[in-house]
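Some notes on the structure that comes next.
The chains referred to below are lettered A, B, ... by the order of the sequence lines, with proteins before strands, and numbering in each begins at 1. All values derive from a computational prediction rather than experimental measurement.
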Amino acid sequence: MSSPASPSLDVATPERVSLSLPVAGIGYRCLAYLVDLALLFSFWVLAYFVFTLLVSDVVGFFQGLSGLVRTLMVLGVFATQWVYWTLCEVLMGGQTPGKRLVGIRVVRVDGSPVGVLESAVRNLLRVVDSFPLIYAVGCLSVLLTRQHRRLGDLLAGTLLVREERIDLDKYTATAAPSVALPPAGATARLTSGDVELILSFLARAPWLEPAARTRLGTRLVERYGGLDAQQRATLLAAPGGAESFLRARVQAER
Amino acid sequence: MASSLPAFVARRRPDWQSLEALLTRQRAGTLRLEELRTLDVLYRRAAADLAHAQTFHPGTDVHRFLNQLCARAYAAIYQPPRERWAALLAFFRRDFPRTLRAHGAFVAASAGLFVLGILLGAVVVLLEPRGAELLVPENLRDYISRKQLWTDGLLSVTPPGAVASGIATNNLTVTIVTFASGLLLGLGTVFVLLNNGVHLGSVAALCVHEGLGAKLFDFIAAHGPVELSIIVIAGGAGLRVGQTLIDPGELPRGQALVLRGRESVKLVLGCAPFLALIAVVEGFISPGDFFPGWVKASLGLALGALFWGYLLRAGNAGPRAGTEAG
């Protein structure tokens, strides 16, 4: 649930609705970066092992290279480090493997997908953001700017939005056939906030502590049931009774 | 009366799902024309659903879901014209050199301070060589007393690409510090400029004193003119910030800083590509004996002349020059 304090990217569309997307904060960014870092690192470890398998005398091999070839190799290494980010972001719709795993995406400030130039600028400025060490400048900038952007983002006109994986099945899931019968018309209609509350309880119930699960279920039945004391007692006595009742209660709202 | 949340979802969900499927295929680039039309229709419906959810079911998962879905579709449908290249080009063609000329007095003051520092350092060391013990860092003195330049080891130990990127970050640090310390009422910039000048002057004087002058010149010639110019420009931007803080005019200090600080940031940002370029020269051409001294010297002169020619002439003659300047 996004509180007013959590920043968002607001876009006014020509259809006269405003989109508001949650902005990814420093935690998401760090996590995604660490995943990408691990990927790159394992790539280099793998490359090193393959290389040592193919070439027996590593030091001699490098000393045998001419200056130009060595320069080209260093440039190549730099390119692979930098190209990885931009190539991924352009081809994967603003995401790198790390960002995809964490569920964040680079977009322009107007919500449109990031282009080659923006991606190149923001990734080239990693040098500045990582200065002097462990991304101190970048972290400071992320913490101080309203939409959590590092210097590269500021210059490229980009930011990171969070992608939530939202399961709509919970709204349409059907109850076990008529375990409990809610009294028709005896209760007030549920507001969408109430529905959301009940459904989020039902979605999380399987992972709750048994005691907490019963306690919350009981309180919800008391609040939204419209049952008298005796009906409630029989309902709550049955195992899983509260939950199937609540499910049916939400179903009745159709 | 609005329909209840589960009913709303159950009724509208098929449309959302087909929109999602279309968006996935749109990204893969396998849409046909009639599907594109369907995408457009479905997007408009989803936007209407979003407006409905905003009104009747705010803060629910459905609301968040529709936000996300519409954002994806919006991004797919309204791709803005890509004009950033043009904006970037315009910045370097006109905006940057004009801003620099507008702040010429500050850049000149910054250059004056820097030269003053160099002269101070050089005069002290030339008149009293023991002053070098005070002004020149010990590791540099070690090198020089062995009749070596510290740059000789630069290429043999590390590959030139690494040298170039290392130098780029180092120069960047100096540039950023020179500019940012202007926030200390400009005193920081004054100190950094003088300090760097004294450092450079004393090292140069010590090298000359020890008979390494030619070698030092050989190293500095190719990249020095542009690199020192950039530091001077950053110093000018820093002095400008300091001046704004001391004399904000009719605005509150914070607002004045935001307003005029933008101009100063332009100066620093404009220098960035030249800084990268000159780091390449410093990493690949300056050290070692791959290039003879006269090549380095003329390259340095040419680069310096080009740089300042560009700064002083580009975008000069108002609107008329918009097309041919550059």
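Here T13(A) contributes atom OG1 and R44(B) contributes atom CZ; the two are 9.0 Å apart, rounded to the nearest 0.5 Å. In this structure, L199(A) CG and D61(B) CG are separated by 9.0 Å, a value rounded to the nearest 0.5 Å. Note: L19(A) CG to L66(B) CG = 10.0 Å, rounded to the nearest 0.5 Å.
Contact of F8(B) with chain A is not made at all, since no heavy-atom distance falls under 4.5 Å. Proximity to chain B (any heavy atom under 4.5 Å) is shown, for L168(A), by both the backbone and the side chain.
Residue F191(B) places its CZ atom among 12 or fewer non-hydrogen atoms of other residues, nucleotides or ligands, all under 6.0 Å distant. Open room surrounds CZ on R37(B); 12 or fewer heavy atoms of other groups in view lie less than 6.0 Å from it. Remark: R204(A) CZ is loosely packed, at most 12 non-hydrogen atoms of other residues, nucleotides or ligands lying under 6.0 Å away. Within 6.0 Å of atom CZ in F65(B), more than 12 heavy atoms from other residues, nucleotides or ligands are found, so the atom counts as buried in its surroundings.
Residues satisfying the side-chain hydrogen bond (donor to acceptor under 3.5 Å, both in side chains) criterion with S192(A), sequence neighbours excluded, are H57(B). Checked against side-chain contact (heavy atoms from CB on, under 4.5 Å), R105(A) has the following partners two or more places apart in sequence or in another chain: Q95(A), V107(A), V161(A), E163(A), R27(B).
Only one option out of S20(A), P22(A), S18(A), S8(A) pairs with N67(B) in a side chain to side chain contact (heavy atoms under 4.5 Å, CB included); it is S20(A).
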**OP:** Carefully, step by step, assess E15(A) and Y74(B) under the rule side chain to side chain donor-acceptor pair (under 3.5 Å).
**Re:** CA-CA 10 Å; E15(A) 286 72 34; Y74(B) 170 79; over 6 Å; no
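Considering only heavy-atom pairs separated by less than 4.5 Å from chain A, the leading option among H63(B), R72(B), Q54(B), Q68(B) is Q68(B).
Closest heavy-atom contact between A75(B) and S112(A): CB-CA, 4.2 Å.
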